[in-house]
**Student:** 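Let me give you the structure first, and then I'll get to my questions.
The model shown is predicted, which means the values in this text are computed figures rather than measured ones. Note: hydrogens, waters and symmetry copies are ignored here, and every other heavy atom, side chains too, is used.
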Amino acid sequence: MRLMRIGEPGHERPVVVCPEGRHYDLSGITDDIDGAFLAALAGDPHLIPAEPKLPETDITGERIGAPVARPSALLCIGQNYAAHAAESGAEPPEQPILFYKSPNTVVGPYDDVLIPRGSRKTDWEVELAVVIGRRASYLDSPADAAAHIAGYAVSNDVSERAFQLEESGGQWSKGKSCATFNPLGPVLVTADEVGDPQQLRLTSHVNGEPRQDSSTADMIFSVAHLVHHLSQYLVLEPGDIINTGTPQGVALSGRFPYLGPDDVMEVEISGLGRQRSVCRPA
């Protein structure tokens, strides 16, 4: 199942996409694709009826919003690909590195990204986003993680490296929580349709030039490991998002220039879709 939110910010309507590309309105079932709806869907996989029972909707020319509304938490894993850790000047971590982004950084997959005032080092990061569908606390093992995952989406963990590393005071969130710094979507693909989340190709381009090209198979800590691990320290709620880390190929490596106004970021994950974000000055 592929879920979308269509419309202007704050006025999106929930939509399901059928295999042939037609769109059906879910407004008669739920007001939004949020934690409450995802929890209900986890409890009743047949909550959404067959497409012919839903009203078809035309989304042509409309804005595509982030596929999850108002996540209560946006958790991020740092340096979860060995090559990215190396280009960041660090050894691969022995335990998952957790940091938070403000949930209000989440925007649509084609919305503009705002370069913060005073920014010198705004950077891109294509990531697999895990969306929680069932409350997770003290899971017994990684094998239990799948039952708590609603699905997956493309995420761009946009970062300002000077704010993150030079002006941080030891924490990363200053460089991660600027307005618009987490384009998400275009779709939330349910876990049953994705299959193995460790076999997905991730790519990014800036102004049409390739930057990142890797696979989730290269993660140090798998999706299942991360969900289990985090559940030992905090409670994961339906609608929460976990950004699972980015592979090598970011500007922090020194191989590419940082982003500026009018630059275009495109990030993609196989089977989950492609984003296109234009950078604008804040």
**Student:** Just to verify, which of Asn243, Thr105, Asn156 counts as forming a side-chain hydrogen bond (donor to acceptor under 3.5 Å, both in side chains) with Asn182?
**Tutor:** Asn243
**Student:** Please check if the number of heavy atoms outside Arg280 that lie under 6.0 Å from its CZ is greater than 12.
**Tutor:** yes
**Student:** Counting neighbours of CD on Glu94 that are heavy atoms of other residues, nucleotides or ligands and sit closer than 6.0 Å, is the number greater than 12?
**Tutor:**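 Count not over threshold, so no.
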**Student:** Is there a path of hydrophobic side-chain contacts, each under 4.5 Å between heavy atoms of I/L/V/M/F/W/Y residues, joining Ile59 to Val107?
**Tutor:** no
**Student:** Any non-hydrogen side-chain atom of Val227 less than 4.5 Å from a side-chain atom of Leu139?
**Tutor:** yes
**Student:** Work out which heavy atom in Pro109 is nearest to a heavy atom in Ile64; give both atom names and the distance.
**Tutor:**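 Heavy atoms of Pro109 and Ile64 come nearest at CD-O, 3.3 Å.
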**Student:** Please tell me if the side chains of Pro71 and Pro103 come closer than 4.5 Å, counting only heavy atoms from C-beta onward.
**Tutor:**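 Side chain of Pro71 against side chain of Pro103, heavy atoms only: contact under 4.5 Å found.
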**Student:** Is the shortest side-chain N to carboxylate O distance from Lys174 to Glu167 below 4.0 Å?
**Tutor:**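 Result for this pair is no, no salt bridge flagged.
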**Student:** Would you indicate whether the side-chain heavy atoms of Val187 and Tyr152 approach each other to under 4.5 Å?
**Tutor:**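 Answer no - side chains too far apart.
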**Student:** Following the transitive rule for hydrophobic clusters with a side-chain heavy-atom cut-off under 4.5 Å over Ile, Leu, Val, Met, Phe, Trp and Tyr, establish whether Ile269 and Val223 coincide in one cluster.
**Tutor:**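 Yes.
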**Student:** Assess whether a salt bridge exists between Arg274 and Glu266, defined as any Lys/Arg side-chain N lying under 4.0 Å from an Asp/Glu carboxylate O.
**Tutor:**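 Yes, this pair counts.
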**Student:** Has the side chain of Asp58 got a donor or acceptor atom that lies under 3.5 Å from a matching backbone atom of Thr60?
**Tutor:** yes
**Student:** Check Leu202 against Pro247 and note the closest heavy-atom contact, atom names and distance.
**Tutor:**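 In terms of heavy atoms, the two residues are closest at CD2-CD, 4.4 Å.
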**Student:** Regarding Ser159 and Lys176, is there a side-chain donor-to-acceptor distance under 3.5 Å anywhere?
**Tutor:** yes
**Student:** Give me the atom names and distance for the closest heavy-atom approach of Trp172 to Gln79.
**Tutor:**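 Closest pair (atom of Trp172, atom of Gln79, distance): CH2-NE2, 4.1 Å.
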**Student:** Do Thr244 and Leu226 pass the side chain to side chain contact (heavy atoms under 4.5 Å, CB included) test, and can you show the C-alpha distance, the side-chain angles, and the key distance before you say yes or no?
**Tutor:** CA-CA 8 Å; Thr244 55; Leu226 291 172; 3.9 Å; yes
**Student:** Are the charged groups of Arg161 and Glu166 less than 4.0 angstrom apart, N to O?
**Tutor:**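 No, this pair does not count.
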**Student:** Side chain to side chain contact (heavy atoms under 4.5 Å, CB included) for Asp262 and Asn207? Distances and angles first, verdict last.
**Tutor:** CA-CA 9 Å; Asp262 299 323; Asn207 299 327; over 6 Å; no
**Student:** Hey, does the side chain of Ser173 reach the backbone of Tyr100 with a donor-acceptor pair shorter than 3.5 angstrom?
**Tutor:** yes
**Student:** Taking all non-hydrogen atoms of both residues, which atom of Ala129 and which atom of Ser155 are closest, and how far apart?
**Tutor:** CB-CB, 3.8 Å
**Student:** Are Tyr258 and Phe256 joined in one hydrophobic group, where the rule is that I, L, V, M, F, W and Y side chains link up if heavy atoms are under 4.5 Å apart?
**Tutor:**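 Looking at the clustering, Phe256 is in the same group as Tyr258.
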**Student:** Heavy-atom distance under 4.5 Å between the side chains of Met265 and Leu259, does that happen here?
**Tutor:** yes
**Student:** Would you confirm whether Gln275, through its side chain, and Val154, through its main-chain N or O, come within 3.5 Å as a donor-acceptor pair?
**Tutor:**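 Confirmed, Gln275 side chain pairs with Val154 backbone.
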**Student:** Any chance you could measure Ile48, atom CD1, to Lys53, atom NZ, to the nearest 0.5 Å?
**Tutor:** 13.5 Å
**Student:** For salt bridge (Lys or Arg N to Asp or Glu O under 4.0 Å), just list the numbers for Arg255 and Glu87, CA-CA rounded to whole Å, side-chain angles, deciding distance to a tenth of an Å, and then say yes or no.
**Tutor:** CA-CA 10 Å; Arg255 294 186 288 130; Glu87 72 179 358; 3.6 Å; yes
**Student:** So, the side chain of Ser231 versus the backbone of Ala136: is there a donor-acceptor pair under 3.5 Å, distance only?
**Tutor:**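 Answer holds: no.
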**Student:** Checking side-chain polar atoms at under 3.5 Å, does Thr203 have a donor or acceptor matched by the opposite partner on Gln212?
**Tutor:** no
**Student:** Side-chain heavy atoms under 4.5 angstrom apart, residues restricted to Ile, Leu, Val, Met, Phe, Trp, Tyr: same cluster for Phe181 and Val250?
**Tutor:** yes
**Student:** Before accepting this row, confirm whether a basic side-chain N of the pair Asp31/Arg13 lies closer than 4.0 Å to the acidic partner's carboxylate O.
**Tutor:**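 The answer is no: the pair does not qualify as a salt bridge.
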**Student:** Give the cluster check for Leu98 versus Ile132: same hydrophobic cluster or not, with ILVMFWY residues linked at side-chain heavy-atom distances below 4.5 Å.
**Tutor:** yes
**Student:** If we only count heavy atoms from C-beta on, is the Pro261 to Cys279 side-chain gap below 4.5 Å?
**Tutor:** no
**Student:** Is a donor on one side and an acceptor on the other found under 3.5 Å between the side chain of Thr180 and the backbone of Leu114?
**Tutor:** yes
**Student:** Side chains of Phe221 and Pro93: does their closest heavy-atom pair fall under 4.5 Å?
**Tutor:**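 Answer yes - side chains close enough.
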**Student:** Using the rule given for side-chain hydrogen bond (donor to acceptor under 3.5 Å, both in side chains), can you reason through His11 versus Glu8, listing the C-alpha separation, both sets of side-chain angles and the distance that settles it, and then say yes or no?
**Tutor:** CA-CA 5 Å; His11 301 281; Glu8 293 306 305; over 6 Å; no
**Student:** Is it the case that the side chain of Arg5 and the backbone of Ala66 share a donor-acceptor pair, with hydrogens and angles ignored and the cut-off at 3.5 Å?
**Tutor:** yes
**Student:** Could you walk me through whether Val131 and Ile149 pass the side chain to side chain contact (heavy atoms under 4.5 Å, CB included) check?
**Tutor:** CA-CA 6 Å; Val131 181; Ile149 297 172; over 6 Å; no
**Student:** Answer yes or no: is there a side-chain heavy-atom contact under 4.5 Å between Val158 and Asp123?
**Tutor:** no
**Student:** Could you walk me through whether Ser214 and Tyr81 satisfy the side chain to side chain contact (heavy atoms under 4.5 Å, CB included) test, starting with their C-alpha distance in whole Å, then the side-chain angles of each, then the deciding distance to 0.1 Å, before giving a yes or no?
**Tutor:** CA-CA 10 Å; Ser214 189; Tyr81 292 75; 4.3 Å; yes
**Student:** Tell me whether Ser72 contacts the main-chain N or O of Asp240 through its side chain, where contact means a donor paired with an acceptor under 3.5 Å.
**Tutor:** no
**Student:** Between Glu127 (side chain only) and Gly245 (backbone N and O only), is there a donor and an acceptor less than 3.5 Å apart?
**Tutor:**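 Yes; at least one donor-acceptor contact below 3.5 Å.
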**Student:** Hey, are the side chains of Asp144 and His228 touching, using non-hydrogen atoms and a 4.5 Å cut-off?
**Tutor:**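 Sidechains of His228 and Asp144: no contact.
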**Student:** Main chain of Arg135, side chain of His148: is a donor-acceptor contact present, judged purely on distance under 3.5 Å?
**Tutor:**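 Looks like yes, one N/O pair under 3.5 Å.
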**Student:** Would you give the length of the straight line joining atom SG of Cys178 to atom CD1 of Ile115, rounded to the nearest 0.5 angstrom?
**Tutor:**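 So the SG of Cys178 and the CD1 of Ile115 are separated by 9.5 Å.
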**Student:** In terms of relative ring orientation, are Tyr233 and His229 parallel, tilted or perpendicular, with 30° and 60° separating the classes?
**Tutor:** tilted
**Student:** Whether Glu160 and Arg120 form a salt bridge (side-chain N of Lys/Arg under 4.0 Å from carboxylate O of Asp/Glu) is what I want to check.
**Tutor:** no
**Student:** Backbone N or O of Met1 within a donor-acceptor pair of the Thr190 side chain at under 3.5 Å?
**Tutor:** yes
**Student:** Taking all heavy atoms of Pro45 and all of Ala42, pick out the closest pair and write down the distance.
**Tutor:** CD-O, 4.4 Å
**Student:** With a sphere of 6.0 Å drawn around CZ of Arg63, does it hold more than 12 non-hydrogen atoms of other residues, nucleotides or ligands?
**Tutor:** yes
**Student:** Between Glu237 and Arg134 (salt bridge meaning N to carboxylate O under 4.0 Å), is one present in this structure?
**Tutor:** no
